[in-house]
Amino acid sequence: MPHSPKEKKAVLTRVRKLKGQLLALESALEDEVECAAILQQIAAIRGAVNGLMAGVLESHLREGLQESATTQLQKDSVDDAISLIRTYLR
């Protein structure tokens with residue numbers, strides 16, 4: 001869970017955007033919009049969820065691991081792990 005007010009605000013903003021995307025998807029499905037447009041919306045939602053997950057996970061790793069790291073090498077390792085996770089979640 002993001003702990004700083006700035007991180008919390010960013011996560012809530014992402015969640016609210018996701019809610020809007022899901023409502024738009026629901027509306028498109030009800031209106032029987034063509035399949036390609038539906039798939040595009042679903043892909044956008046998936047990307048938004050992955051971005052949300054990456055942000056929360058990064059906050060968790062920084063909070064739990066980086067603050068307890070005693071050497072620069074350990075801190076760099078946390079940064080490397082975060083970078084790998086972000087790449088994977090794209």
Side-chain angles (χ1 to χ4, degrees):
M1 171 66 191
H3 295 285
S4 76
K6 182 180 177 183
E7 288 176 339
K8 185 175 180 179
K9 182 179 179 181
V11 167
L12 287 172
T13 298
R14 281 182 178 260
V15 168
R16 289 180 183 118
K17 286 180 181 179
L18 264 167
K19 185 168 43 172
Q21 286 178 303
L22 286 168
L23 289 172
L25 175 61
E26 180 182 23
S27 177
L29 288 167
E30 287 174 348
D31 295 342
E32 298 181 9
V33 172
E34 72 174 71
C35 225
I38 297 290
L39 290 169
Q40 187 174 19
Q41 262 184 312
I42 292 169
I45 291 167
R46 181 182 59 194
V49 168
N50 285 345
L52 174 63
M53 187 182 319
V56 171
L57 187 54
E58 178 178 346
S59 176
H60 175 71
L61 290 173
R62 290 199 190 284
E63 186 91 13
L65 298 177
Q66 203 162 42
E67 289 181 0
S68 63
T70 56
T71 67
Q72 188 59 43
L73 180 60
Q74 289 172 327
K75 291 177 183 180
D76 290 344
S77 293
V78 173
D79 288 336
D80 290 344
I82 289 169
S83 177
L84 285 171
I85 290 166
R86 282 201 169 273
T87 299
Y88 175 76
L89 290 175
R90 284 188 185 170

Could you pull out every donor-acceptor pair under 3.5 Å between side chains of residues 71-79 and any protein atom, sequence neighbours left out?
unit_1 : atom_1 : unit_2 : atom_2 : d
Thr71  : OG1    : Gln74  : N      : 3.1
Gln72  : NE2    : Asp76  : OD1    : 2.9
Gln74  : OE1    : Thr70  : N      : 2.6
Gln74  : OE1    : Thr70  : OG1    : 3.0
Gln74  : OE1    : Thr71  : N      : 3.1
Ser77  : OG     : Leu73  : O      : 3.0
Asp79  : OD1    : Arg62  : NH1    : 2.8
Asp79  : OD1    : Gln66  : NE2    : 3.1

Listing, residues 27-48 side-chain donor-acceptor contacts under 3.5 Å, not counting sequence neighbours, or none:
none

Inset, instruction - Drop me the distance from Ser83's OG to Glu58's CD, to the nearest 0.5 angstrom. - result: 9.5 Å
Inset, instruction - Going by the side chain to side chain contact (heavy atoms under 4.5 Å, CB included) test, name the single residue among Lys8, Arg14, Lys9 that passes it with Leu12. - result: Lys8
Legend entry - Non-neighbouring partners of Ile85 that pass side chain to side chain contact (heavy atoms under 4.5 Å, CB included), sequence neighbours left out: Leu57, Leu61, Leu89
